Amino acid sequence: MMNKDEKYPHLSQPDISKRIKKYSISELRALCAEIRAFLIESLADSGGHLASNLGAVELTVALEYCFDTYRDRLIFDVGHQCYTHKLLTGRFSDFSKIRHAGGPSGFPKPQESPSDAFVSGHGSASLSAAVGLARAFRLRGGPQPKCIAFIGDGAMSGGMITEALNDAGAEKLPVIIVLNDNGMSIGRTVGSFSSMLTKMRVNPEYRNAKKTYHSLMETLPNGGTLDTVLTRLKNSIKFTLIPSSYFEGLGFKYVGPVDGHDLGELIWLFTSLKSYDKPVVVHAVTKKGRGWKASERSPERFHAVEGYRTDTGECLSSGGVSLSHVFGEKLCALAQKHREITAITAAMRKGAGLDEFARCFPNRYFDVGIAEEHAVTMCAGLAAGGMRPFCAIYSTFLQRSFDQIMHDVGIMRLPVVFCIDRAGFVAGDGETHQGLYDVGMLSLVPGMKVYMPSNGAELCTVLDAVYADPSGPAAVRYPRGAGAKFSGNTAGKDLVRLREGSGITLVTAGRLIDNVLAAAKILESRGISASVIKLNRILPVPAEEIDRLSTGSILVCEELAESGSVFSHLSAALPRRKVYGQNAGNRYFSHDSVDGLMSACGLDASGIAARAAEICRGN
């Protein structure tokens with residue numbers, strides 16, 4: 001049986017990004033096939049973002065061939081399409097551990113390699129970063145590296161992109177936008193920008209010009225030189241005919257659409273742009289999931305996977321009904337009864353559990369694309385107009401819309417419900433995706449109520465409660481996956497004491513209840529009697545009730561950053577009580593499993609028990 005180096009002879013070479021500059025087109029095509037085969041095999045075990053990376057192989061190889069990513073700045077938007085880049089810049093040997101502790105990040109990370117220009121886990125930000133880098137190089141003088149923003153077409157729906165296009169075009173900054181147009185973000189791309197790109201792709205004049213080119217090629221002898229000349233002629237015809245007023249109106253040269261899987265065409269194009277000193281957009285049409293039938297048929301299903309079988313294409317999961325699915329089913333049930341309920345998401349229909357809602361209530365479902373700020377203020381408008389919007393956005397993406405939550409929702413105390421998926425630790429994705437910071441943000445919004453159910457039954461109860469209370473905004477936080485094993489439903493109250501004890505009181509919320517109850521048993525075996533208080537509403541913090549129900553010192557255990565946490569509020573509200581916190585602190589967390597991240601913060605059962613015992617000894 002061949003080892004990895006023998007099976008993937010191109011990828012196993014050191015410094016492959018430098019070596020490929022001497023490759024022929026046929027050798028580059030062989031490299032692309034090798035990359036696809038390796039990604040399909042490797043991600044089956046490790047999990048990760050498959051479909052988006054399979055579709056970006058030729059584009060990335062062509063960019064690495066034409067530019068020096070250790071000097072030129074290649075900024076991915078969003079970063080999960082960077083796997084080919086990582087394989088070509090020294091991370092092949094460790095790639096089997098991608099997104100796992102000790103392995104490469106699933107996103108660009110400058111600490112890993114100087115070829116990673118910028119951390120990029122959120123969409124629509126790459127061009128702003130490229131504009132800043134281009135300005136920095138201009139101000140510093142000397143050789144001017146190229147700044148390239150590699151943008152998925154879904155990210156073009158974000159407002160930051162329009163702001164950056166306006167700025168870069170007005171200043172004539174020599175940035176290159178590579179628009180990877182596969183018609184999708186995670187799901188099918190939505191909005192008028194997507195419609196414009198579709199018109200560009202299917203323009204009949206372009207299609208006729210392409211047919212004429214191929215007919216002409218078939219009548220002439222084969223030859224590399226002749227093919228190059230005709231390819232350039234074809235491009236000239238194409239670029240002249242395709243409408244490009246949007247980008248050119250903003251000061252960009254528009255080039256495209258080009259075949260994002262045609263290495264020869266891409267290399268000729270990128271080589272010609274190396275000396276171009278004005279902003280340019282290269283519109284490349286690609287197929288998400290290209291190279292494997294399973295991912296080509298279901299690119300959304302294979303966008304991000306925990307693992308799969310390469311022989312059948314069956315996706316693997318950790319088991320259990322996800323809280324996202326529970327949320328979607330419950331919202332459908334509520335919407336069936338209440339016609340004013342609407343669902344809003346920002347390009348996360350499937351991930352947020354809204355597939356069924358979109359099918360059953362298409363007129364009350366709104367996917368605004370990667371535009372969280374717009375989503376929130378639109379929800380404010382819906383609420384002001386008498387509707388009841390439920391805004392489903394992942395924790396890490398909701399933080400992009402803080403101004404809109406504070407100003408447009410909060411001031412008018414509008415009954416917008418923020419359904420915050422992926423709250424708490426998130427496995428695999430690392431610093432850019434941890435859902436630890438939204439509570440600190442929301443705690444600044446006067447009148448905001450924040451709930452943390454532990455399981456599916458409690459989530460349903462809380463959704464009933466927030467619908468029944470139109471007095472102001474509310475947020476419901478729940479993690480990725482199935483939630484806690486705790487089987488009770490205590491969500492009818494703001495808090496409940498699950499266990500009485502005299503030595504110390506453990507306060508917690510959400511899925512962490514499992515670890516806290518286990519910690520209480522460990523303490524009991526050590527002769528320490530611990531009370532356990534479970535919060536269902538964490539903001540405003542029910543400080544008086546906690547004070548009344550607790551005995552001894554109070555240890556607040558929470559899967560949150562410390563700033564704005566329950567601990568920070570409770571310690572301020574009860575200055576005469578000894579209140580301690582066990583939380584994620586104020587820091588960023590690299591990629592690891594949820595259990596590994598919990599353990600690192602002392603939030604596993606043994607860590608909580610150890611901290612509680614230490615507090616009791618100190619008393």
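No experiment lies behind these values; they were computed from the predicted model shown. For reference, positions follow the sequence shown, starting with 1.
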Walk me through it: do Ser590 and Glu431 pass the test side chain to side chain contact (heavy atoms under 4.5 Å, CB included)? CA-CA 5 Å; Ser590 190; Glu431 296 93 333; 4.0 Å; yes
Polar side-chain atom of Lys86 near backbone of Phe107 as donor-acceptor pair, under 3.5 Å: yes
So how far is it from Leu398 CG to Asp438 CG, rounded to the nearest 0.5 Å? 6.5 Å
Which pair of heavy atoms, one from Asn583 and one from Ser565, lies closest together, and at what distance? ND2-OG, 4.3 Å
Between the OH atom in Tyr580 and the OG atom in Ser553, the distance rounded to the nearest 0.5 Å is 4.5 Å
Let me see the working for Arg349 and Glu356 under salt bridge (charged side-chain N to carboxylate O under 4.0 Å, His left out), right down to the final yes or no. CA-CA 9 Å; Arg349 184 184 72 182; Glu356 187 67 10; over 6 Å; no
Asn455 side chain to Ser487 side chain, donor-acceptor N/O pair below 3.5 angstrom: no
Give a yes or no answer on whether the side chain of Arg477 reaches the backbone of Gly435 with a donor-acceptor pair at less than 3.5 Å. yes
Among side-chain atoms of Thr345 and Asp367, is any donor-acceptor pair under 3.5 angstrom? no
From NE2 (His569) to OG (Ser443), nearest 0.5 Å: 4.0 Å
Reported CG-to-CZ distance for the pair Leu523 and Arg499, which is rounded to 0.5 angstrom: 8.5 Å
With a 4.5 Å cut-off on side-chain heavy atoms, are Phe302 and Cys315 touching? yes
How about Asp469 and Ser471: does a side-chain donor come under 3.5 Å of a side-chain acceptor? yes
Would you say that Met598 contacts Arg511 through its side chain, given a criterion of any heavy-atom pair below 4.5 Å between the two side chains? yes
When the side chains of residues 382-392 are checked against the rest of the protein, which donor-acceptor pairs come out under 3.5 Å, sequence neighbours left out?
residue: Arg388; atom: NH1; partner: Tyr467; partner atom: O; Å: 2.8
residue: Arg388; atom: NH2; partner: Val466; partner atom: O; Å: 3.2
residue: Arg388; atom: NH2; partner: Tyr467; partner atom: O; Å: 3.2

I'd like to know if Lys330 pairs up with Asp464 as an ion pair, taking the criterion as any Lys NZ or Arg NE/NH1/NH2 lying under 4.0 Å from an Asp or Glu carboxylate oxygen. yes
Compare every heavy atom of Leu436 with every heavy atom of Ala584, then report the nearest pair and how far apart it is. CB-CD1, 4.0 Å
Can you name the closest pair of heavy atoms from Cys557 and Val516 and give their distance? CB-CG2, 4.0 Å
What I'd like to find out is whether the side chain of Ile405 reaches to under 4.5 Å of the side chain of Met448, using heavy atoms alone. yes
Taking the side chain as every heavy atom from C-beta outward, state whether Tyr437 and Leu560 have any pair of such atoms under 4.5 Å apart. no
Glu558 side chain near Thr508 side chain, heavy-atom distance below 4.5 Å: no
Taking atom types as modelled, is there a side-chain donor on Arg577 or Ser550 under 3.5 Å from an acceptor on the other? yes
By ring-ring contact (aromatic ring centres under 6.0 Å, His included), which residues pair with Phe76, not counting sequence neighbours? His85, Phe150
Between Ser529 and Ser502, is the side chain to side chain contact (heavy atoms under 4.5 Å, CB included) condition met? List the steps. CA-CA 5 Å; Ser529 175; Ser502 57; 3.7 Å; yes
Verify side chain to side chain contact (heavy atoms under 4.5 Å, CB included) between Thr432 and Val119, making sure each step is shown before the conclusion. CA-CA 8 Å; Thr432 60; Val119 172; 3.6 Å; yes
Please answer whether the main-chain N or O of Pro540 pairs with a side-chain N or O of Arg537 as donor and acceptor at a distance below 3.5 Å. yes
Side chain to side chain contact (heavy atoms under 4.5 Å, CB included) evaluation trace for Phe327 with Leu459: CA-CA 7 Å; Phe327 159 72; Leu459 174 57; 4.0 Å; yes
Counting neighbours of CZ on Arg339 that are heavy atoms of other residues, nucleotides or ligands and sit closer than 6.0 Å, is the number greater than 12? no
Shortest non-hydrogen contact from Phe425 to Cys601? CZ-SG, 3.6 Å
Which value, rounded to the nearest 0.5 Å, describes the distance between Thr505 atom OG1 and Leu549 atom CG? 8.5 Å
Quick check: does any side chain N or O of Asn53 sit under 3.5 Å from a backbone N or O of His80, one acting as donor and the other as acceptor? yes
Backbone N or O of Phe567 within a donor-acceptor pair of the Ser571 side chain at under 3.5 Å? yes
Is Glu112 reaching over with its side chain to a backbone N or O of Ser105, donor-acceptor style, under 3.5 angstrom? yes
Between His122 and Met160, is any pair of side-chain heavy atoms under 4.5 Å apart? no
Going by heavy atoms in the side chains, are Tyr83 and Leu43 under 4.5 Å from each other? yes
Without swapping roles, check the side chain of Ser113 against the backbone of Lys109 for a donor-acceptor pair under 3.5 Å. no
Short side-chain donor-acceptor distance under 3.5 Å, Thr490 and Asn536: yes
What verdict does the salt bridge (charged side-chain N to carboxylate O under 4.0 Å, His left out) test give for Asp116 and Arg91, after you've listed the backbone C-alpha separation in whole Å, the side-chain angles of each residue and the deciding distance to 0.1 Å? CA-CA 12 Å; Asp116 288 6; Arg91 284 158 281 187; 2.7 Å; yes
So, for Ile151 and Ser126, which heavy atoms are closest and what is the spacing to 0.1 Å? CG1-OG, 3.3 Å
Does any N or O in the side chain of Asp429 come within less than 3.5 Å of the main-chain N or O of Gln434, such that one atom is a donor and the other an acceptor? no
Distance-minimising heavy-atom pair for Ile608 and Leu603: CD1-O, 3.4 Å
Begin with the C-alpha distance, continue with both residues' side-chain angles, and end with the deciding distance and a verdict on side chain to side chain donor-acceptor pair (under 3.5 Å) for Ser563 and Asn586. CA-CA 7 Å; Ser563 294; Asn586 292 319; 3.1 Å; yes
Salt bridge check, Glu614 against Arg611: does any charged N sit closer than 4.0 Å to a carboxylate O? yes
Do other residues, nucleotides or ligands put more than 12 heavy atoms under 6.0 Å from Gln111 CD? yes
ring-ring contact (aromatic ring centres under 6.0 Å, His included) assessment of Tyr394 paired with His433: CA-CA 9 Å; Tyr394 293 4; His433 281 59; 7.8 Å; no
From Leu535 atom CG to Leu512 atom CG, the distance as rounded to the nearest 0.5 Å: 11.0 Å
Between Tyr365 and Phe361 (judged by ring centroids, cut-off 6.0 Å), do the two rings come close enough to count as a pair? no
Backbone of Ile370 reached by a side-chain donor or acceptor of Ser157 within 3.5 Å: yes
Heavy atoms from other residues, nucleotides or ligands near CZ of Phe486 exceed 12 (cutoff 6.0 Å): yes
State, with a plain yes or no, whether a side-chain heavy atom of Cys360 is found less than 4.5 Å away from one of Gln336. no
Which of Val462, Val326, Asp421 passes side-chain contact (heavy atoms from CB on, under 4.5 Å) with Tyr478? Answer is Asp421
Answer yes if the side chains of Ser324 and Lys350 hold a donor-acceptor pair under 3.5 Å, and no otherwise. no
Tell me if a side-chain donor or acceptor on His591 pairs with a main-chain N or O of Pro104 at a distance below 3.5 Å. yes
